[in-house]
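If you read the sequence from its start, that first residue is 1, and numbering goes on from there. Not measured: the values here are computed from a predicted model.
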Amino acid sequence: MLRQLRPALVLLTALTVITGLAYPLAMTGLAGVIFPAKASGSLIERDGHIVGSSLIGQNFVGAGYFHGRPSATTAADPADASKTVPAPYNAANSSGSNLGPTSAALAERVKGDLDALKAENAGAPVPVDLVTTSGSGLDPDISPEAADFQVPRVAKARGIPEETLRALVTSRTEGRTLGLLGEPRVNVLALNLALDDLARR
């Protein structure tokens, strides 16, 4: 019996070392050499401080900033650990809301967001990504239409001409990946950093 177990144990140990240790370490090292910024989390640094990642959205709420998509992520309720409370862009708890089209809570939340956005810019149709969450709850991008929709609010709050902000949005719009994949998008953190840079001039 020992003769039969020994090859199985040797193979198990060898495959564990190769696939569980050597391969992941080699791929991590290779990624760090070929794609150093992406391998370290695509972190964005300003004035010597890390301000975020281009891969994870942030919750901008001020009138003078562009806002991202709604986020459905949650965190433990400090008052009762068995419950959760909304915690937008909580990277430790990436998830969607799991609310379906017949959910009254979802309909109420979307209607509230829609009413607030219509009050903000009554003359324009509300882009769908400003009232819907992404599957991860951490989407860092919005559509160019969603950014354009917010231009009047940001322009008013900052005292900047709308044309200047529209040009800024256009300059920060990324096209489809390889010209085919995905949709045109605007990274909200990058756009808001460019907005802050514009205000410093």
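- Put simply, the side chain of Asp129 gets close to the backbone of Ser143: a donor and an acceptor are under 3.5 Å apart.
- Closest heavy-atom contact between Pro152 and Asp148: CD-O, 3.8 Å.
- For Leu178, the CG atom counts as loosely surrounded, since its 6.0 Å shell holds 12 or fewer non-hydrogen atoms of other residues, nucleotides or ligands.
- Between Gly64 and Arg158, the closest heavy-atom pair is O-NE, 2.7 Å.
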Subject >> Residues Leu138, Leu55; criterion side-chain contact (heavy atoms from CB on, under 4.5 Å); working and verdict >> reply: CA-CA 8 Å; Leu138 305 175; Leu55 302 176; over 6 Å; no
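- Side-chain contact check for Val169 versus Leu191: some heavy-atom pair is nearer than 4.5 Å.
- Interatomic distance, Leu189 CG to Ile44 CD1, rounded to the nearest 0.5 Å: 4.0 Å.
- For the pair Pro161 and Ala155, the tightest heavy-atom approach, listed with the atom from each and the gap, is C-CB, 4.5 Å.
- In this structure, CG on Asn121 lies 4.5 Å from CZ on Phe149, to the nearest 0.5 angstrom.
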**OP:** Show your reasoning for whether salt bridge (charged side-chain N to carboxylate O under 4.0 Å, His left out) applies to Arg172 and Asp141.
**Re:** CA-CA 11 Å; Arg172 293 292 165 180; Asp141 303 320; over 6 Å; no
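- Here CD1 of Ile50 is found 8.0 Å from OG of Ser40. Values are rounded to the nearest 0.5 Å.
- Both Phe60 and Val186 sit in one connected hydrophobic cluster of ILVMFWY residues. Membership requires side-chain heavy atoms under 4.5 Å apart, directly or through other members.
- Ser42 places no side-chain N or O within donor-acceptor distance of the main-chain N or O of Ser53, the cut-off being under 3.5 Å.
- The distance from atom CG of Leu168 to atom CD1 of Ile160, rounded to the nearest 0.5 Å, is 8.5 Å.
- Remark: Asp113 does not engage Arg69 in a salt bridge, criterion side-chain N to carboxylate O under 4.0 Å.
- The main-chain N or O of His67 is found under 3.5 Å from a side-chain atom of Gln150 such that the two form a donor-acceptor pair.
- Between atom CG of residue Leu195 and atom CG of residue Leu165 there is a gap of 6.0 Å, rounded to the nearest 0.5 Å.
- Around atom CD of Glu45, more than 12 heavy atoms belonging to other residues, nucleotides or ligands sit under 6.0 Å away.
- One hydrophobic cluster holds both Val51 and Leu198 under the rule that ILVMFWY side chains link at heavy-atom gaps under 4.5 Å.
- Here the closest heavy-atom approach between residue Pro78 and residue Val85 is recorded as CD-CG2, 4.5 Å.
- The hydrophobic clustering, which links ILVMFWY residues whose side-chain heavy atoms are closer than 4.5 Å, places Met27 and Phe35 together.
- Not a single donor-acceptor pair under 3.5 Å links the side chain of Ser136 to the backbone N or O of Ser94.
- Atom OG1 of Thr173 is separated from atom CZ of Arg185 by 10.0 Å, given to the nearest 0.5 angstrom.
- The two residues Ala72 and Thr133 come nearest to each other via the heavy atoms N-CG2, 3.9 Å.
- Counting only heavy atoms from C-beta outward, the side chains of Glu174 and Pro184 never approach each other to under 4.5 Å.
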**OP:** Apply the test side-chain contact (heavy atoms from CB on, under 4.5 Å) to residues Tyr65 and Val188: give CA-CA distance (whole Å), side-chain angles for both, the deciding distance (0.1 Å), then the verdict.
**Re:** CA-CA 9 Å; Tyr65 285 102; Val188 179; over 6 Å; no
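- Tracing side-chain contacts under 4.5 Å through hydrophobic residues (I, L, V, M, F, W, Y), one reaches Leu130 starting from Leu114; they form part of the same cluster.
- Side chain of Thr73 to main chain of Ala87: a donor-acceptor pair is present (N/O by atom type, distance under 3.5 Å, no hydrogens or angles).
- In the hydrophobic cluster analysis, where Ile, Leu, Val, Met, Phe, Trp and Tyr join through side-chain heavy atoms closer than 4.5 angstrom, Tyr23 is grouped together with Ile34.
- In this structure, Asn192 contributes its side chain and Phe66 its backbone to a donor-acceptor pair below 3.5 Å.
- A pairwise comparison of heavy atoms in Gly137 and Ser71 identifies O-OG, 2.6 Å as the closest pair.
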